[in-house]
Amino acid sequence: MSLLSVQNLSVTLRGRPVFRDVSFAIEPGEVVGLIGPNGAGKTTLMRAALGLIPAEGRSSLAALEPRVRAKAAAWMPQSREIAWPVSVETLVMLGRTPHLAAGQSPSDADRAVVETVLARMGLTGLRARAATRLSGGEQARALIARALAQDTPLVLADEPIASLDPAHQISTMRTFAALAEEGRAALVSMHDLGLAARHCTRLILLGEGRLVADGPPGAVLTAERLARVFGITAWFSQTDDGPVFQPLEVLR
Amino acid sequence: MIRLMLILAGLVAALFLASLTLGPADIGPGESLRALLSGDGGPLTLVMREIRLPRALLAAMIGASLGLSGAALQGYLRNPLAEPGLIGVSGTAALGAVLAIQTGLSATFALGLPLMALAGALGGVLLILLLAGPRGSSLTLILAGIAISALAGALTSLVLNLSPNPFAATEMMFWMMGSLADRSMAHVALALPLMALGWVLLVTLGRGLDALTLGEDAAQAMGIRLSRLRLALILGTACVVGAGTAVAGAIGFVGLVVPHLLRPLVGARPSRLLWASGLGGAAMVLAADIAVRLVMPERDLKLGVLTALVGAPLFLHLIYKTRRDMP
């Protein structure tokens with residue numbers, strides 16, 4: 001069963017069409033990279049799929065009641081917003097919100113989930129620190145941990161690795177891969193095509209106001225599409241160390 | 001956490017007792033409390049039940065209301081500068097009150113003024129709902145609140161401007177400074193139901209406000225219905241602030257300073273801050289109302305003046321402290 005299925009989704013913001021007739025489905029076990037140039041509508045697509053903004057067409061998540069949806073998919077927005085200096089542990093515990101009944105305080109099971117996630121994102125040592133005083137990359141990891149603590153079959157993350165150091169970029173992508181191995185899935189928007197090519201099982205390329213391509217990285221990242229949509233050339237090869245993708249020159 | 005609650009609750013209880021045992025009638029604390037409880041119908045019982053008890057009750061109720069609504073608004077707007085007056089309801093309530101004085105309604109029957117102030121508060125709520133709900137953002141709420149406050153302020157000035165005689169103008173000015181002197185149990189009875197409704201609406205917001213720490217998008221994706229939360233926030237704040245302003249006038253800075261003071265003690269969690277600020281606000285207004293009676297017993301120092309006098313420097317100090325933490 002698909003964790004998310006989107007059919008003919010179209011979004012118009014302030015009279016300007018962002019994209020039209022986007023359709024795709026995400027199955028368990030997939031790490032789907034959402035790529036496309038700036039302004040292609042990656043964020044808009046994810047928000048529309050979640051039902052956070054009005055859209056034409058159908059999205060299986062948008063059709064759900066908010067509380068039910070919150071147990072089906074977790075969302076990590078691009079803006080790293082942490083309004084108050086709460087501890088990292090408290091911040092991650094916020095991810096348990098949809099699982100708590102009104103007035104119920106976190107149970108041992110909730111705490112166990114938070115422990116697992118803290119360890120997974122390498123945050124155990126930072127648990128008592130005020131989240132607002134962490135570095136940008138550490139904040140990003142805490143917010144990813146928060147989304148993971150929601151413990152949903154599907155995680156949607158908007159540029160989660162944008163401000164991370166190389167080691168944490170790789171380990172975060174590995175975390176999404178580990179989720180996929182558990183039978184979950186992730187939809188991750190990103191600009192780093194090298195990491196996308198290496199760590200995603202599938203790429204969705206958004207551009208020109210529509211879904212341009214959808215498939216395994218090797219099939220999506222063709223020279224012709226890179227030139228047309230991104231305006232770049234690149235070197236892409238299957239090596240002994242796995243797929244390696246390196247953007248080279250700007251074409252226009 | 002529980003310790004902080006106990007300390008704050010103990011503080012409120014102690015200040016409440018102190019407020020009850022303090023007054024121009026020279027009676028010992030034990031004697032006055034016995035008179036309050038025994039109810040023998042003597043003059044002392046009358047003083048306790050009709051003068052001091054309503055005053056202490058109103059101080060605690062209004063303080064709790066201001067603390068609670070201040071914490072809720074700061075949590076919703078994710079801004080430590082938000083305060084209960086922000087949504088404009090205290091402004092329109094004050095307008096209703098000065099109109100009651102201007103028209104002579106306040107002189108014709110005892111509850112004329114608070115009832116007119118409540119009508120003003122209701123007008124303010126309807127206006128803000130029209131402007132900012134149910135699909136508006138937090139920014140529309142701030143802008144609508146500022147616009148309504150400005151309009152209510154201008155109209156209040158107009159009423160003052162056109163007041164029939166200097167005595168009426170002075171009465172309006174003094175009323176607007178905020179005071180708990182000479183209030184009766186009728187005021188308590190008028191304010192309590194509305195405030196209780198507001199408290200219930202506001203304390204249920206805790207989880208949503210916690211989730212809002214991560215921003216509106218993330219909170220919504222965690223199943224929080226933002227439009228419902230905003231509606232409960234506006235109605236709850238309007239109930240407590242409208243009722244409070246109606247019976248006591250404008251008492252500033254409590255709703256701003258108390259959440260700010262207590263935030264570090266509750267780990268900055270908005271849900272915990274709600275409860276703590278409610279208790280802290282009650283303690284602060286009780287203390288301030290005791291202070292106005294001690295500092296200048298013969299001059300009728302206004303409560304709102306004192307809270308602003310103490311609150312503003314406190315706030316400056318807090319800003320100074322926060323500034324050091326900033327990069």
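Naming: A, B, ... by sequence-line order, numbering from 1 per chain. This one's a predicted model, so the numbers in the text were calculated from it and none came from an experiment.
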Novice: With a 4.5 angstrom heavy-atom cut-off, could you sort out which part of A:Arg146 is near chain B: side chain, backbone, both or neither?
Specialist: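 The answer is the side chain of A:Arg146.
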Novice: Check whether more than 12 heavy atoms from other residues, nucleotides or ligands sit under 6.0 Å from atom CZ of A:Arg67, and answer yes or no.
Specialist: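 Yes - once you tally the heavy atoms of other residues, nucleotides and ligands closer than 6.0 Å, there are more than 12.
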Novice: For B:Arg263 and A:Trp84, indicate whether the former's side chain and the latter's backbone hold a donor-acceptor pair under 3.5 Å.
Specialist: no
Novice: What option among A:Leu94, A:Thr132, A:Val68 has the most heavy-atom pairs under 4.5 Å with chain B?
Specialist: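 That would be A:Leu94.
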Novice: As an exercise: rank A:Thr152, A:Leu156, A:Thr97, A:Leu143 by heavy-atom pairs under 4.5 Å with chain B and give me the winner.
Specialist: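 Looking at each option in turn, the highest pair count goes to A:Thr97.
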Novice: Select, from B:Gly208, B:Gly206, B:Pro80, B:Ala219, the one with the greatest count of heavy-atom pairs under 4.5 Å involving chain A.
Specialist: B:Pro80
Novice: Listed by chain and number, what are the side-chain hydrogen bond (donor to acceptor under 3.5 Å, both in side chains) partners of A:Asp165, not counting sequence neighbours?
Specialist: A:His168
Novice: To the nearest 0.5 angstrom, please state how far the NZ atom of A:Lys71 sits from the CE atom of B:Met222.
Specialist: 14.0 Å
Novice: Got a donor-acceptor contact below 3.5 angstrom from the B:Arg78 side chain to the A:Glu81 backbone?
Specialist: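 A pair under 3.5 Å: no.
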Novice: Please find the pair of heavy atoms, one from B:Ala221 and one from A:Ala70, that lie closest to each other, and give the distance.
Specialist: O-CB, 3.4 Å
Novice: With a 4.5 Å cut-off on heavy-atom pairs, point out which of A:Leu100, A:Ile82, A:Leu91 contacts chain B the most.
Specialist: A:Leu100
Novice: Where is the tightest heavy-atom contact between B:Arg207 and A:Ala101, given as atom of each residue plus distance?
Specialist: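 Closest pair (atom of B:Arg207, atom of A:Ala101, distance): NH1-O, 2.7 Å.
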Novice: Once rounded to the nearest 0.5 Å, what's the spacing between atom CG of B:Leu214 and atom CH2 of A:Trp75?
Specialist: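 If I round to the nearest 0.5 Å, the distance is 13.0 Å.
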Novice: Counting heavy-atom pairs under 4.5 Å to chain B, which of A:Arg69, A:Arg47, A:Met76 comes out on top?
Specialist: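 The option with the most such pairs is A:Arg47.
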Novice: Output the residues of residues 268-283 of chain B for which the shortest heavy-atom distance to chain A is under 4.5 Å, in residue-number order; output 'none' if no such residue exists.
Specialist: B:Ala268, B:Arg269, B:Pro270
Novice: Any idea which heavy atoms bring B:Asp217 and A:Pro77 closest together, and the distance?
Specialist: CB-CG, 4.1 Å
Novice: Using non-hydrogen atoms only, which part of A:Pro85 is less than 4.5 Å away from chain B: side chain, backbone, both, or neither?
Specialist: both
